[in-house]
Structures are given as structure tokens and as C-alpha cells.
Number of protein chains: 2
Amino acid sequence: MTPARSLDDVLEHLRAGGKRITSPRRAILEALLKHAGRHPTAEQITADVHDRQPDVDKSTVYRLLDDLEKMGLIDHVHLAHGPAVYHFADDAHHHLVCENCSKVFEVPTGTFDALRRRLLANFDFEMQARHFAIPGRCGSCARASTSQQL
Amino acid sequence: MTPARSLDDVLEHLRAGGKRITSPRRAILEALLKHAGRHPTAEQITADVHDRQPDVDKSTVYRLLDDLEKMGLIDHVHLAHGPAVYHFADDAHHHLVCENCSKVFEVPTGTFDALRRRLLANFDFEMQARHFAIPGRCGSCARASTSQQL
DNA sequence: TTCCGTGCAAACAATTTGCAATAGA
DNA sequence: TCTATTGCAAATTGTTTGCACGGAA
């Protein structure tokens, strides 16, 4: 996957996919790029767009996010609860979410290779955890709480 | 965890927790027990209850499911998409869901021991995957589709 | 001139909540 | 009696959809 991390880059991908370049799309892409490396929700992206263009509707944001995902430029991830978050597809990683403090930790995809092989060998199942975070408890929350198990 | 798989058993747990025994609760528990070993949704349980007592509201079902979970009698699991499913807590296992055919496969919790240890050692993170299924593709769907990767 | 893309409003699914009436203990 | 529990309706959250208008190509 060629990284697509500049506005021109993504616009080019859009054009190549037969999509039109519009002002809402520019604004959404700029917001997305601004959040690169983080995990923005559709709502956060929409809020960002609204700073500049208050009339852009959230449905437009969702529609473009869908398109970008179909084009393989971005991925969505469901954290333990709440809305999906988005990140660039070339920034491949898996996610751990603390169910207590909601912090998100990124781990290299290789971390799951052994499990992936085991599920394939023992259960004939091709794991695909890209879109779902692994929930649990981060170290500091685990130590902070003397309470019962999660 | 003492298995609680008979109506009397669960009623006893409820009483012990200071809860009242009511007719809606009996019906919900009977439906739950009838589905033991499967993965019913709140809606399926409600439908079941309605066969006998059409006036029981789904909010009542949700409220009892919450209570039972707080008491440690049942667990909920989020499959890849759609509603949560419920199963008895003593029937501990993890879930694989095929994103194509939606079939659910149960795997022993031990399957994840190595990953659990690795996440703890490398990332100071206590994995708790009980409430979330691992999505992917089951063998037959993987072989059936000559299409692209998930 | 074509359609694609858009804002708007409404629909959606799953779940939660407020509230007054009811019924267990 | 006394308060937990219930049905009902409405609110919530995150996301999707139908539709007619407007603007990119």
C-alpha cells in the first residue's frame, strides 16, 4: 500500500477512483490529515470540518469515510465501546483499549501472528482483528484499582 | 463460580441479592435457561418471553440481564456486528465470528493464554477478551470466496 | 449537460431512561 | 406498608438512507 498522507495524494486517489473533488471533501480530508497518527471519530472529524465549513453534514462525512475505506486508504476500528475511529490504512497496527480509562495502545500486527496461526491450525479460522480492538486493562489502571477483576 | 443452571438455582441467587421474584423475571429466566449453550440476543429472549407473556417489556428484559450480569451469573458478548448475545458465566469460552456467514465458534479460553502473557509482558496490558468476539473468516467461507482479502 | 455529491430530515438499531402505577416482601 | 419493579413512551447514540437540488466535469 502506497502511503497517501498528503492532500494532493488523497485527491489523486479520489480522481483515479472516478470521484469528484468538492469543497466538502477537501475539508474532510484536511481534517483527517490533521488527525493523522491519532484515532478520530466521525464526530470529531465533523466538528473539525465545521470550524471552517459549518454546513457540511455529518452524513457527507460518513459517506466519504466509507468511500475512502472502500478505496483502501483508511481503516475503521471499533474500540470497546462508543463510536468507530479512523486511521490511515498504511499505518497498520492493532489496538488495545483500556476499559477503565479508555486509553488506546497500538501494537504491531506481528504481535498476533502466533494466535493467528493457532486459530487457523486448530479451528480453521482466519482471524481478522484489524477492525476490532482488544479490550482489557492498562497497567496503571490495573495497579490503581484494588477492586475486583474486570 | 458455582454453575447456576436451574430456575430454582437462579431464583435463589436473586433472592440472595435482595431481588424480588416476579412473574416477568421467572419468564425471562426460563427463556434464558431454554437457550443455555446457545447465544441468544436480548431480542430473542424477549420474543421467547412474549410467547407466554406478551406484556413483558424489552426494557424489563434488559434490566434483568444487567442485574444477572452484575451478579456474575451471565456474561454478554459483542459479536462483530449486531446486538450483544448472552450466555451463562460458568460456561466460559471465547468467541470467533465469521464476518461472512456470521457463524459463531467457541474456543477454550486457554487458546489465548500465550497472547495474554505476551501483552502483559510487552505492553503492560491485561487482556480481557471475554466480552468481545474475534472476527475473521471461517474455513468454508474462506474457501468459497475467490474474492479479495477481508 | 450530465450525473455525482450534497444538505436536510427522517429512519434506523440497540439500548437506556424517566415516570407513574403496581405488586412483592 | 413500603419500596422494588414494571410497562410505556420517549430519549440516546452512532450511523444510514431517501430525496430533490446544485455544482463538478
Side-chain angles (χ1 to χ4, degrees), chain A residues 10-29 31 39-47 49-50 52-71 74-86 97 102 131-133, chain B residues 10-29 31 39-47 49-50 52-71 74-86 97 102 131-133:
Chain A
V10 184
L11 289 178
E12 191 41 54
H13 275 267
L14 276 182
R15 254 186 289 266
K19 305 281 181 193
R20 294 178 181 172
I21 310 303
T22 66
S23 145
R25 285 185 174 171
R26 266 180 210 281
I28 295 164
L29 291 173
H39 296 94
T41 65
E43 196 186 5
Q44 288 169 331
I45 295 166
T46 305
V49 169
H50 281 180
R52 297 288 183 138
Q53 300 186 220
D55 289 344
V56 174
D57 195 76
K58 57 188 163 185
S59 65
T60 303
V61 174
Y62 278 110
R63 284 190 269 234
L64 182 59
L65 290 172
D66 276 1
D67 287 345
L68 295 173
E69 183 150 27
K70 282 199 195 94
M71 299 170 58
I74 64 173
D75 271 335
H76 75 274
V77 183
H78 298 283
L79 302 184
H81 288 108
V85 300
Y86 296 83
V97 206
S102 299
H131 297 309
F132 289 85
Chain B
V10 184
L11 290 177
E12 191 41 53
H13 275 267
L14 276 181
R15 253 186 290 264
K19 306 282 179 190
R20 294 179 183 173
I21 311 301
T22 66
S23 143
R25 285 185 174 171
R26 266 179 208 280
I28 295 164
L29 291 173
H39 297 94
T41 64
E43 197 186 2
Q44 289 170 330
I45 294 165
T46 305
V49 170
H50 281 180
R52 298 289 183 136
Q53 300 186 222
D55 288 344
V56 174
D57 195 76
K58 57 189 165 186
S59 65
T60 303
V61 174
Y62 278 109
R63 284 191 268 232
L64 182 59
L65 289 172
D66 275 1
D67 287 346
L68 295 174
E69 183 149 26
K70 282 198 195 95
M71 299 170 60
I74 63 172
D75 271 337
H76 74 274
V77 182
H78 298 283
L79 302 183
H81 289 107
V85 299
Y86 298 83
V97 205
S102 298
H131 296 309
F132 289 86

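Worth knowing before you read on, the calculation uses all heavy atoms, side chains too, and leaves out hydrogens, waters and symmetry mates.
Qualifying side-chain hydrogen bond (donor to acceptor under 3.5 Å, both in side chains) partners for Arg26(B), counting only residues two or more places apart in sequence or in other chains: none. With sequence neighbours excluded, the residues that form a side-chain hydrogen bond (donor to acceptor under 3.5 Å, both in side chains) with Gln53(B) are Ser23(B). When the salt bridge (Lys or Arg N to Asp or Glu O under 4.0 Å) test is applied to Glu12(B), the partners found at least two apart in sequence or on another chain are Arg15(B). Take Gln44(A) and apply the side chain to side chain contact (heavy atoms under 4.5 Å, CB included) test, not counting sequence neighbours, and it matches Pro40(A), Thr41(A). Shown here are the salt bridge (Lys or Arg N to Asp or Glu O under 4.0 Å) partners of Arg25(A), two or more places apart in sequence or in another chain: Asp67(A). Listed by chain and residue number, Pro24(B), Ile28(B), Val56(B), Asp57(B) satisfy the side chain to side chain contact (heavy atoms under 4.5 Å, CB included) test with Thr60(B) (two or more places apart in sequence, or in another chain). Applying the salt bridge (Lys or Arg N to Asp or Glu O under 4.0 Å) test to Arg20(B) and every residue at least two apart in sequence or in another chain returns nothing. Applying the side-chain hydrogen bond (donor to acceptor under 3.5 Å, both in side chains) rule to His76(A) yields the partners Glu69(A), His78(A); only residues at least two apart in sequence or on another chain are considered.
Chain A approaches DNA chain C over the interval dC3(C) to dC8(C), counting the first and last nucleotide 5' to 3' with an atom under 4.0 Å from its heavy atoms.
In DNA chain D, consecutive stretches of 3 or more Watson-Crick or G-U wobble pairs with both distances under 3.5 Å are given as paired ranges: C:1-11 with D:15-25, C:16-25 with D:1-10.
Using a 4.0 Å cutoff on non-hydrogen atoms, the parts of residues 52-59 of chain B near DNA chain C are Lys58(B), Ser59(B), ordered by number.
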Assign a letter to each nucleotide of nucleotides 20-25 of chain D from its 5' end: B, base within under 4.0 Å of a protein heavy atom; S, sugar-phosphate only; -, no contact.
---BBS

